[in-house]
Amino acid sequence: MPTNTPRPHAVPPRIGVIADDFTGGTDIASFLVNGGLSAIQVTQLDEQKITTDVDAIVVSLKSRSCPAEEAVALSLEALRWLQQQGCKQIYFKYCSTFDSTAQGNIGPVTDSLLDALAQDITLLCPALPVNGRTVYHGYLFVNGVPLDESGMRNHPVTPMRDANVMRLMEAQATGRAANIPCSVIDAGVQAVLQAIADLRQAGYRYLVPDALNSTHLETIAEASQTLTLLTGGSGLAGGLAAVQTRGSSSGNVDASEAGKPANGGKTVILSGSCSVMTNVQVATYAAQAPALPLDVAGCIERLADYVSEVAEWVCQQQGALAPLVYSTAGDDVARIQARYGAKPASAAVEAFFAALALKLAQHGFDHFIVAGGETSGAVMQRLQVGALLIGPQIAPGVPWVRAANAARFFALKSGNFGDERFFFTAQDFYQKDNK
């Protein structure tokens with residue numbers, strides 16, 4: 001039976017995931033599938049019950065940088081829907097760089113989920129060692145550099161000015177946070193279980209375990225199986241998959257076939273991220289392929305006409321490599337924000353990419369490589385993609401996915417994921433016909 005054919009729902013899904021953006025949803029889904037669990041990613045909630053027999057259901061929201069009250073409302077709606085699907089353990093997925101402001105949204109959403117589930121404690125585990133995100137003594141590091149000294153320090157939407165996860169959480173939440181140090185994680189599952197029990201007794205609400213490698217994540221995952229709510233990046237989800245499939249010979253070896261990109265069709269690359277790695281990826285790609293920098297003034301002052309102009313340029317590119325349209329990066333970000341304001345400029349860029357994606361889809365483009373969580377969310381919402389089938393990994397946390405309701409394929413990349421040749425590598429999975 002094809003892996004993308006619905007089957008009668010045999011058992012309730014093991015894990016229900018609430019992801020705070022679209023790239024985060026594909027990120028965690030790919031780690032679950034790569035670890036041997038089956039998963040479906042949902043981007044639109046409705047009353048219909050999921051009938052496909054899967055181990056995990058991932059709900060992708062667009063709640064990372066919206067007002068905290070809106071993020072809470074969206075997350076609680078997703079929680080209720082996942083409970084209706086039979087999910088027993090809930091996982092709140094946020095970025096491995098703990099993207100948030102002093103007001104949230106990680107803290108308020110976590111608190112609302114804890115209250116709704118009548119729980120008094122949860123884990124905060126942003127670590128993703130395979131992508132250079134580690135936690136030591138409660139401090140979050142990016143490729144060995146403290147978070148507040150990395151490129152995230154000057155992020156245009158969620159600048160991170162502290163690397164201490166406990167302080168970051170306590171500033172935006174209602175309870176106390178404590179660290180579970182490496183020495184406890186290294187001592188094994190029983191030691192972690194005892195630490196959780198002791199810290200719960202002491203009144204702590206959020207526990208931040210150290211994690212430097214995949215073995216640490218598997219230990220944490222095994223110790224946290226009885227917790228109703230988990231929060232973190234995709235690393236812990238990979239640990240959960242490893243623990244739940246340990247010793248099993250019935251892994252979902254064909255799971256990634258469901259979202260594999262098809263040969264033929266037209267491809268476009270849309271980059272709305274200004275992250276350090278995406279800037280490198282754009283520069284590397286633009287040196288060899290057609291690339292068009294975005295005019296933010298055009299997005300704000302004459303959106304419809306500008307979308308048509310850019311769409312015409314994209315359609316004219318007929319080389320072997322897909323055309324790239326990318327937003328301004330580097331020093332230009334400050335200049336643009338000073339002229340238009342940070343939020344209006346960001347909203348205008350999202351609106352542009354969403355409108356451009358729709359127009360290109362009308363022109364036959366069916367493979368979309370999208371960089372940036374907010375950009376990915378805007379594109380997927382405009383194209384009305386309700387559910388995604390997970391395909392093969394391009395890079396850790398970035399799979400190809402297929403729309404469940406149409407022959408359209410997407411590679412949704414979080415800003416700092418992938419290496420410098422990511423845009424090239426993504427296209428190596430299939431043959432293109434951009435004429």
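Basis for what follows: all heavy atoms, side chains included, without hydrogens, waters or symmetry-related copies. In this text the structure is predicted, and so the values were computed from the model without any measurement.
Atom OG1 in T158 sits 11.5 Å away from atom CZ in F98 (nearest 0.5 Å). Distance check, rounded to the nearest 0.5 Å: CG of L113 to OG1 of T228 gives 11.5 Å. Rounding to the nearest 0.5 Å gives a distance of 12.5 Å between CD1 of I40 and CG of D55. The OG atom of S224 sits 10.5 Å away from atom CG of L229, with the distance rounded to the nearest 0.5 Å. Note: I185 CD1 to I220 CD1 = 4.5 Å, rounded to the nearest 0.5 Å. With values rounded to the nearest 0.5 angstrom, T231 atom OG1 is found 10.0 Å from L207 atom CG.
Side-chain polar atoms of T26 and Q41 form no donor-acceptor pair below 3.5 angstrom. Side chains of Q427 and T267: a donor-acceptor N/O pair is absent below 3.5 angstrom, by distance only. Of the N and O atoms on the side chains of Y326 and N279, not one donor lies less than 3.5 Å from an acceptor on the other residue. Between the side chains of D20 and S63, no donor-acceptor pair of N or O atoms lies under 3.5 Å. Under 3.5 Å, the side chains of K413 and S273 contain no donor-acceptor pair of N or O atoms. Using modelled atom types and a 3.5 Å distance limit, the side chains of S65 and E374 yield a donor-acceptor pair.
Scanning both residues, G264 and D366, for their nearest heavy atoms gives O-OD1, 4.5 Å. When all heavy atoms of V54 and S38 are compared, the pair lying nearest together is CA-OG, 3.2 Å. Between I390 and A39 the shortest heavy-atom distance is CG1-O, 4.0 Å. Nearest heavy-atom pair across C95 and P126 is O-CB, 4.3 Å.
Looking at L168 and M160, their side chains come closer than 4.5 Å, going by heavy atoms from C-beta outward. For the pair L230/C125, no side-chain contact is recorded, criterion being any heavy-atom separation below 4.5 Å from C-beta on. Two residues are said to be in side-chain contact when any heavy atoms from C-beta on lie closer than 4.5 Å; Y94 and S100 fail this criterion. The shortest distance between side-chain heavy atoms of C315 and L360 falls below 4.5 Å. The closest side-chain heavy-atom distance from N416 to M152 is below 4.5 Å. When side chains are defined from C-beta on, L321 does not count as touching F423, because their heavy atoms never get closer than 4.5 Å. The shortest distance between side-chain heavy atoms of Q225 and Q244 falls below 4.5 Å. In this structure, Y139 and P146 have side chains that are not in contact, with every pair of non-hydrogen atoms separated by 4.5 Å or more.
For residues 21-37, the set of pairs meeting the salt bridge (charged side-chain N to carboxylate O under 4.0 Å, His left out) definition, not counting sequence neighbours, comprises D21-R64, D27-K93.
Considering only residues two or more places apart in sequence or on other chains, S96 meets the side chain to side chain contact (heavy atoms under 4.5 Å, CB included) condition with L128, R133, F417. Under the rule for a ring pair (Phe, Tyr, Trp, His ring centres under 6.0 Å), the partners of Y430 that lie at least two apart in sequence or sit in another chain are H367, W400.
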Practice prompt. Please assess D111 against Y206 for the test side-chain hydrogen bond (donor to acceptor under 3.5 Å, both in side chains), listing each intermediate value before the final yes or no.
Written response: CA-CA 10 Å; D111 282 340; Y206 325 105; 2.5 Å; yes
Fill in: Intermediate values then yes/no, side-chain contact (heavy atoms from CB on, under 4.5 Å), V349 and V296
CA-CA 7 Å; V349 169; V296 178; 4.2 Å; yes
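Between D115 and R205 there is a salt bridge, with a side-chain nitrogen of the basic residue lying less than 4.0 Å from a carboxylate oxygen of the acidic one.
Proximity of a side-chain donor or acceptor of N131 to a complementary backbone N or O of P396 within less than 3.5 Å is detected. No side-chain donor-acceptor contact under 3.5 Å links T278 to the backbone of C274.
Of the candidates V307, V310, L358, L294, L294 is the only one forming a side-chain contact (heavy atoms from CB on, under 4.5 Å) with F353.
In this structure, the ring of F141 has its center no less than 6.0 angstrom from the ring center of Y136.
Within a 6.0 Å sphere centred on CD of Q288, heavy atoms belonging to other residues, nucleotides or ligands number more than 12. Heavy-atom neighbours of E301 CD from other residues, nucleotides or ligands within 6.0 Å: above the threshold of 12.
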